[in-house]
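Only one structure is covered here, and it is reproduced in the block below.
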Amino acid sequence: MKLISLKICNFRCFYGKMPEILLSGEEQRNTTIIHGNNGSGKTTLLNAFTWVLYEKFTAAFASEEQLVNKRAIAEAKQGESVECWVEIVWEHDDKRYRAKRECRAYKGETIEQGESKLYMQIAGDDGRWNLPQQLPEDIIGRILPESLHQYFFFDGERIERIVRSDNKLEIAEATKTMLGMKVLNRSIEHLGNAKKALEEELRSIGNTETRQILKQKEQKEKETEKLTNRQTEISQELSHQETLKKETSNRFRDVSGAKDLEERRKELETQKTTNIDRLKQSKEALQKAISTRGYAVFLPEVSAEFRAIVNDLKQRGELTGGISQEFVNELLNSKRCICGAELHEGNHFHENVSSWLDKASIAAVEETTIRTIAQVDEIDKQTPKLWEDIDKEQANINQFRQEISRVETQLDNISEELRKNPAEEIRNLQKRLDEIEGKIRELTLEEGENKQKIADLNIEIENLGKQIAKQELNEAKQAIAQRRITVTQDAIERLTDFRYRLDKHFRVQLEKRVQEIFSSISFKNYLPKLTDKYELTLVENTSGREASVAASTGENQILSLSFIGGIIDRVREWTKDELMVPDSSTFPIVMDSPFGSLDEIYRRQIAKIIPKLANQLVVLVTKTQWRGEVEKEMTNRIGKEYVLTYYSSKPDCEEDVIELDSVPYSLVRQSPNEFEYTEITEVEYEF
């Protein structure tokens with residue numbers, strides 16, 4: 001998807017029909033910069049893209065029901081309607097599209113805004129614009145699905161929401177959409193439906209025992225489906241409860257008398273999480289040591305017996321060699337000994353040399369024995385080291401458990417203190433928090449139980465399937481139906497395995513790319529991690545152990561930006577070879593205020609890297625965000641540049657300008673009338 005242009009008419013602060021904004025998409029100059037002060041319309045422009053394509057708005061976009069420009073409404077006659085529209089032109093897969101969404105406001109005793117409507121045209125080979133054969137929403141959804149729009153059109157100051165705990169499921173689903181996982185899911189679902197139909201056919205023609213087994217299998221599958229759906233509900237409810245817990249905890253900080261306790265609780269919860277992570281790592285290290293080296297514990301008696309056998313053979317002279325059979329045979333064949341004596345059959349020289357054949361036959365055994373002794377020596381050395389490692393990890397486990405217990409006791413004390421606090425508001429907040437934590441515990445337990453039940457049911461279903469396959473199928477129809485079921489099940493298993501491998505491989509590649517991008521921006525030695533649910537976390541390596549990091553807002557912004565860049569980069573690579581992902585290797589990014597709360601180092605690094613993350617970049621910035629290191633790093637990537645001039649109706653407004661290429665452009669001006677509005681001016685360059 002390559003954005004070509006944006007047109008606006010009477011959309012929020014933009015009065016009348018604005019000049020067309022042409023968006024740069026050249027390979028080297030792929031960046032369009034739009035300058036504007038806070039409140040001048042940058043967020044409005046960002047939402048112009050999301051409104052026309054998806055009828056969606058960002059969190060910072062207030063009063064969604066008031067889209068039509070107020071001046072245009074004020075100047076309209078009573079009873080008249082005022083149009084408001086946004087039009088975007090883009091290219092995709094060698095086709096050019098034009099989408100226009102419009103709505104109207106009707107001026108009466110009250111201002112009423114009508115429903116929006118989306119129109120689309122597609123350019124034909126003859127250059128004419130034609131109506132599409134499908135719904136515009138379906139076409140846009142195939143090119144860039146709605147669930148993914150937040151990755152390409154976003155508010156930079158609020159980008160850290162991507163790594164918030166209540167956003168995990170959304171991240172996972174959106175990422176898997178880009179990966180093409182939904183195609184596989186639909187294929188598996190359709191095959192499952194086909195298999196049910198085939199089993200129904202077999203039930204109608206099969207014998208009594210076959211029908212009975214099929215019925216049992218169907219019941220088990222229904223139970224599994226019900227539990228799986230419940231697991232999805234639990235995941236969603238857990239995310240919701242975690243959000244409520246966070247919001248409730250934050251409210252403590254605003255209540256006098258509870259702030260210090262809540263800060264201490266947050267600190268203790270961080271300690272608890274860190275110790276839980278370390279406990280998990282120690283358990284995994286212990287399991288690995290036992291599973292990979294535990295066999296050495298059972299070998300001392302065997303190795304001692306082996307050494308006794310070797311010593312006995314040496315004492316009897318049965319391991320004395322040093323001359324190979326090949327060497328002795330060469331002497332006999334040449335009929336001459338190394339001392340010069342003739343070796344003819346029957347003489348005593350020939351008999352003496354021939355006797356070495358039996359002795360030489362054990363040379364290979366001796367060589368093997370020597371190598372085996374070295375290996376046994378190495379195994380014997382492993383045993384003390386194994387016990388040392390086991391003792392170390394056991395000590396760590398006990399230490400972490402004690403630390404977790406200590407922290408939990410302190411947390412309980414804080415909660416009890418808040419429950420008995422004289423202030424009713426504090427007691428009520430703690431009561432609410434207790435209810436939320438209780439709900440989280442219940443859901444977590446149910447989730448674990450359901451996971452085990454699903455695993456047990458799957459084993460039963462598999463066994464029932466094997467029983468069906470073993471049934472006597474004498475009739476030709478039964479045999480055909482069974483073969484079809486077997487083939488369908490095999491296809492489901494292969495696709496399921498492929499989906500798992502595809503997801504795992506993509507996730508590993510994505511994590512690696514996110515780490516590369518984050519490392520190129522951040523000056524801290526933190527490492528982004530991506531779980532199997534696409535949950536983003538930051539860790540640091542302390543004394544050889546990974547520990548979670550309480551990331552700052554700036555670090556979360558960088559982490560989120562790295563995640564977006566990683567997704568675009570990996571999917572862009574996959575689209576060259578894979579058919580299940582969106583059929584384009586070009587992705588745009590439109591971002592508002594990406595440098596807001598970052599310091600100089602991070603601003604410079606992000607300014608340097610973001611033009612490389614996407615094929616096309618549109619950045620909306622204030623004068624303070626642009627100047628200095630950002631301007632220096634991005635100037636050579638600019639293909640188009642615009643300035644938003646805000647006309648203020650305030651009588652004593654302070655005017656503001658920005659100088660670009662030694663030319664001043666107005667950012668704020670005195671309005672010639674009583675209305676506030678914004679105009680768009682293109683910056684003229686000769687590249």
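Counting begins at 1 with the first residue of the sequence.
Side-chain N or O atoms of Ser282 include none that pairs as donor or acceptor with a backbone N or O of Leu279 at under 3.5 Å. A donor-acceptor distance shorter than 3.5 angstrom exists from the side chain of Thr488 to the backbone of Arg484, with no hydrogens or angles considered. Side-chain atoms of Asn398 come within 3.5 Å of backbone N or O of Gln394 as a donor-acceptor pair. A donor-acceptor pair under 3.5 Å is absent between the side-chain atoms of Asp497 and the main chain of Glu493, judged by distance alone. Between the side chain of Ser291 and the backbone N or O of Lys288, at least one donor-acceptor pair lies under 3.5 Å. Here the side chain of Asp389 pairs no donor or acceptor atom with the backbone of Ala289 at under 3.5 angstrom.
Remark: Glu516 pairs with Arg513 by the salt bridge (charged side-chain N to carboxylate O under 4.0 Å, His left out) rule, at least two apart or across chains. Not counting sequence neighbours, the partners of Glu462 by the salt bridge (charged side-chain N to carboxylate O under 4.0 Å, His left out) test are Lys466. The side chain to side chain donor-acceptor pair (under 3.5 Å) search around Lys195 returns Gln489, not counting sequence neighbours. For Lys222, the salt bridge (charged side-chain N to carboxylate O under 4.0 Å, His left out) partners at least two apart in sequence or on another chain are Glu218. Applying the salt bridge (charged side-chain N to carboxylate O under 4.0 Å, His left out) criterion to Lys245, with sequence neighbours excluded, gives Glu437.
Taking every heavy atom of both residues into account, Glu342 and Phe349 meet most closely at O-CB, 3.7 Å. Residues Gly294 and Leu386 approach most closely at CA-CD2, 3.8 Å, considering heavy atoms. Nearest heavy-atom pair across Val539 and Lys529 is CG2-CG, 3.8 Å. Contact record, Gln515 with Pro528: NE2-O, 2.9 Å, taken as the closest heavy-atom pair. In this structure, Ile234 and Leu443 approach most closely via the heavy-atom pair CG2-O, 3.7 Å. Across all non-hydrogen atoms, the minimal contact from Tyr295 to Thr292 is CE2-O, 3.1 Å.
Using modelled atom types, one finds a donor on one side chain and an acceptor on the other under 3.5 Å when comparing Glu237 with Gln241.
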Q: Take Arg265 and Leu433 through the test side chain to side chain contact (heavy atoms under 4.5 Å, CB included) and record every step on the way to the result.
A: CA-CA 13 Å; Arg265 178 153 61 185; Leu433 193 60; 3.2 Å; yes
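Look at Lys226 and Glu223 and you find no salt bridge, because none of the NZ, NE, NH1 or NH2 atoms lies under 4.0 Å from a carboxylate O.
Residue-environment remark: CZ (Arg494) stays at or below the threshold of 12 foreign heavy atoms within 6.0 Å. Around atom CD of Glu233, more than 12 heavy atoms belonging to other residues, nucleotides or ligands sit under 6.0 Å away. The local environment of CG in Asn525 is sparse, with at most 12 non-hydrogen atoms from other residues, nucleotides or ligands closer than 6.0 Å.
Legend: salt bridge (Lys or Arg N to Asp or Glu O under 4.0 Å) pairs involving residues 442-460, not counting sequence neighbours, sorted by first then second residue: Lys220-Glu460, Arg230-Glu446.
Of the inter-residue distances, the one linking Glu242 atom CD with Ile440 atom CD1 reads 4.0 Å to the nearest 0.5 angstrom. Once rounded to the nearest 0.5 Å, the distance linking CD1 of Ile414 with NZ of Lys266 reads 12.0 Å.
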